[in-house]
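Read the structure below first, then the notes.
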There are 2 protein chains.
Amino acid sequence: MPTTPQNMEEHLALFEQACRAAGLRVTHQRLQVYRQLALLDTHPTAEILHQELRKKIPTISLDTVYRTLATFAAHGLINKVETIESQARFEVALMRHHHLICSSCKTIMDFQWQSVDDALLPSEVSAWGRIDTRSVVVYGICHTCLQQTPLPGK
Amino acid sequence: MPTTPQNMEEHLALFEQACRAAGLRVTHQRLQVYRQLALLDTHPTAEILHQELRKKIPTISLDTVYRTLATFAAHGLINKVETIESQARFEVALMRHHHLICSSCKTIMDFQWQSVDDALLPSEVSAWGRIDTRSVVVYGICHTCLQQTPLPGK
DNA sequence: TTCTTGACAAGAATAATTCTTATCTAGTAA
DNA sequence: TTACTAGATAAGAATTATTCTTGTCAAGAA
């Protein structure tokens, strides 16, 4: 769920408001980390973001990227996406959606599934405590990978 | 989804069959790793399993536990559970179920949600490629944690 | 029983992430 | 505007989960 360059300014303004509301200082690094993440729809890792960010801020440290992403995620400004890889992946938290992961090429796609978003959770779940979010992860093999290797292992 | 000691023998026999069917050798270590995992309903980490296993096999290495879990997961004999922690967690793959994760104490609970298991996926997803599994992860705060700290952060 | 290949143990190595420390800066108050 | 202070950053060291390497061993086939 990326943002196009056209509405980036307005998106960043909203983000800045959200930061202040959360008691977070609005720093150049934070704005740029968020901006870079919003530009990409590839669920980048901290490492990938760092490489991109260094083009604009040559001195930015990888640790800052990690710390900034962790801070944003802790305040619900972005999502840390669950994956099967060891490296964590991130995305802006704009719209409720779910994930489709190709077990072969590891690409993560977003999709929406309104009926699950709206569905009542089983009563045992409601009884468990306070529910905040629900997320569906679907695993499979994408068309591209299916064509490359006719019968990949499950 | 653990196994009670009562039906453990039959469960292990089934597991042994599944191993042979997958072309995996049935070793003492593999049986014990699987048995220990089946006994626990706490979604243990490789480290926790290793600690338990050393009581029975003092010489078993942590690497063997990791390798064995990875091998089982690759053959669908167990599941690697997606978590918000850095350490991976595992469970036997007995029955289709979903996960409930407490953002505070990080405990993982299993639950079933038949209607989602049966629900038709959005057409864009079916068009994407071959679908293997779907898994719902619900985040919230469990009752125990809610009572300890009246208003924990989201 | 023998043989072969996959599995194992031990310890070294790697890779992702986090910590430490000194410096800097956003936002506040004078 | 200026000075102040808590929170943010950079750099590099440290940590932690996981994987690799090497030599040995044993499951299961012949």
Side-chain angles (χ1 to χ4, degrees), chain A residues 12-13 15-36 43-51 53-75 77-78 80-90 106, chain B residues 12-13 15-36 43-51 53-75 77-78 80-90 106:
Chain A
L12 280 180
F15 171 74
E16 210 173 310
Q17 277 181 12
C19 272
R20 289 182 206 281
L24 295 177
R25 292 196 176 165
V26 179
T27 67
H28 181 52
Q29 286 89 341
R30 286 185 171 169
L31 281 174
Q32 290 302 311
V33 167
Y34 189 86
R35 182 182 156 279
Q36 191 60 52
H43 303 84
T45 62
E47 185 69 46
I48 292 169
L49 281 171
H50 182 232
Q51 281 167 24
L53 285 160
R54 278 206 293 188
K55 295 177 187 167
K56 284 213 156 191
I57 317 177
T59 62
I60 195 168
S61 73
L62 178 57
D63 184 53
T64 294
V65 178
Y66 270 110
R67 223 177 339 90
T68 303
L69 291 171
T71 303
F72 290 170
H75 288 85
L77 300 170
I78 67 171
K80 188 170 170 179
V81 181
E82 309 302 331
T83 72
I84 36 184
E85 298 175 284
S86 62
Q87 273 184 292
R89 289 182 172 267
F90 301 85
K106 318 294 184 198
Chain B
L12 281 180
F15 171 74
E16 210 174 312
Q17 278 183 10
C19 271
R20 288 181 207 283
L24 296 177
R25 289 192 179 170
V26 178
T27 68
H28 183 52
Q29 286 88 341
R30 285 183 171 173
L31 281 174
Q32 290 302 312
V33 168
Y34 189 85
R35 183 181 155 280
Q36 191 61 53
H43 305 83
T45 61
E47 184 70 46
I48 291 170
L49 281 171
H50 182 234
Q51 281 167 24
L53 286 160
R54 279 205 294 186
K55 294 177 185 168
K56 285 213 157 191
I57 317 173
T59 60
I60 195 169
S61 73
L62 178 58
D63 184 52
T64 295
V65 178
Y66 270 110
R67 225 177 336 92
T68 304
L69 292 171
T71 304
F72 290 170
H75 287 84
L77 300 170
I78 67 171
K80 187 169 173 181
V81 181
E82 309 303 332
T83 72
I84 37 184
E85 299 175 284
S86 61
Q87 272 185 293
R89 290 180 172 268
F90 301 86
K106 319 293 185 199

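Throughout, protein chains are lettered first and strands after them, A, B, ... in sequence-line order, and every chain is numbered starting at 1.
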Next item on the list: Figure out the CG/P separation between A:L53 and D:dA10, and round it to whole Å.
Entry: 10 Å
Note to self: Any base atoms under 4.0 Å from A:S61, or only sugar-phosphate, or nothing? Heavy atoms, all strands.
What the structure shows: base
Next item on the list: May I ask you to check whether A:T71 and A:T68 show a side-chain donor-acceptor distance below 3.5 Å?
Entry: no
Item checked: Comparing B:K80 and B:R25 on DNA chain D - which has the more 5′ nearest nucleotide -> B:K80
Notebook entry, point to check: In whole angstroms, how far is the P atom of D:dT18 from the CD atom of B:E47?
Noted result: 9 Å
Note to self: Under 4.0 Å from a heavy atom of chain A: give me the 5'-most and 3'-most nucleotides of DNA chain C that qualify.
What the structure shows: C:dA16 to C:dG27
Next item on the list: Please confirm whether the backbone N or O of A:R89 pairs with a side-chain atom of A:H43, one donor and one acceptor, at under 3.5 Å?
Entry: no
Item checked: Main-chain N/O of B:G23 paired to B:H75 side chain as donor or acceptor, under 3.5 Å -> no
Next item on the list: Remember a base hit wins even if backbone is also touched, and classify B:L62 as base, sugar-phosphate or nothing at under 4.0 Å, heavy atoms.
Entry: base
Notebook entry, point to check: Touch check for B:A88, heavy atoms < 4.0 angstrom, all strands: base, sugar-phosphate only, or nothing?
Noted result: sugar-phosphate
Notebook entry, point to check: Atom CG of A:L31 and atom P of D:dT9: how far apart are they, to the nearest Å?
Noted result: 10 Å
Check: Using the ring of each side chain (for Trp, its six-membered ring), is A:F15 parallel, tilted or perpendicular to A:Y34, with breaks at 30° and 60°?
Finding: parallel
Next item on the list: Indicate, with a heavy-atom threshold strictly under 4.0 Å, whether B:A70 touches base, sugar-phosphate, or nothing.
Entry: nothing
Next item on the list: Determine yes or no for a side-chain-to-main-chain donor-acceptor pair under 3.5 angstrom, with A:R30 supplying the side chain and A:R25 the backbone.
Entry: yes
Notebook entry, point to check: Looking at the rings of B:F90 and B:Y66, which for Trp means the six-membered one, are their centres under 6.0 Å apart?
Noted result: no
Item checked: Distance test, side-chain N/O of A:T64 to OP1/OP2 of D:dA8, below 4.0 Å -> no
Next item on the list: Would you mind reading off the distance between B:I57 atom CD1 and D:dC25 atom C1', rounded to a whole angstrom?
Entry: 15 Å
Margin query: Quick check on DNA chain D: between B:L24 and B:Q87, whose nearest nucleotide comes earlier from the 5' end?
Written below: B:Q87
Next item on the list: Take atom NE2 of B:H28 and atom P of D:dC25, then tell me their distance rounded to the nearest Å.
Entry: 17 Å
Next item on the list: Figure out the CZ/C1' separation between A:F72 and D:dA8, and round it to whole Å.
Entry: 12 Å
Notebook entry, point to check: How would you label the contact of A:R67 with the nucleic acid (heavy atoms, under 4.0 Å): base, sugar-phosphate, or nothing?
Noted result: base
Check: Rounded to the nearest 0.5 Å, how far apart are CD of B:Q36 and CD1 of B:I60?
Finding: 10.0 Å
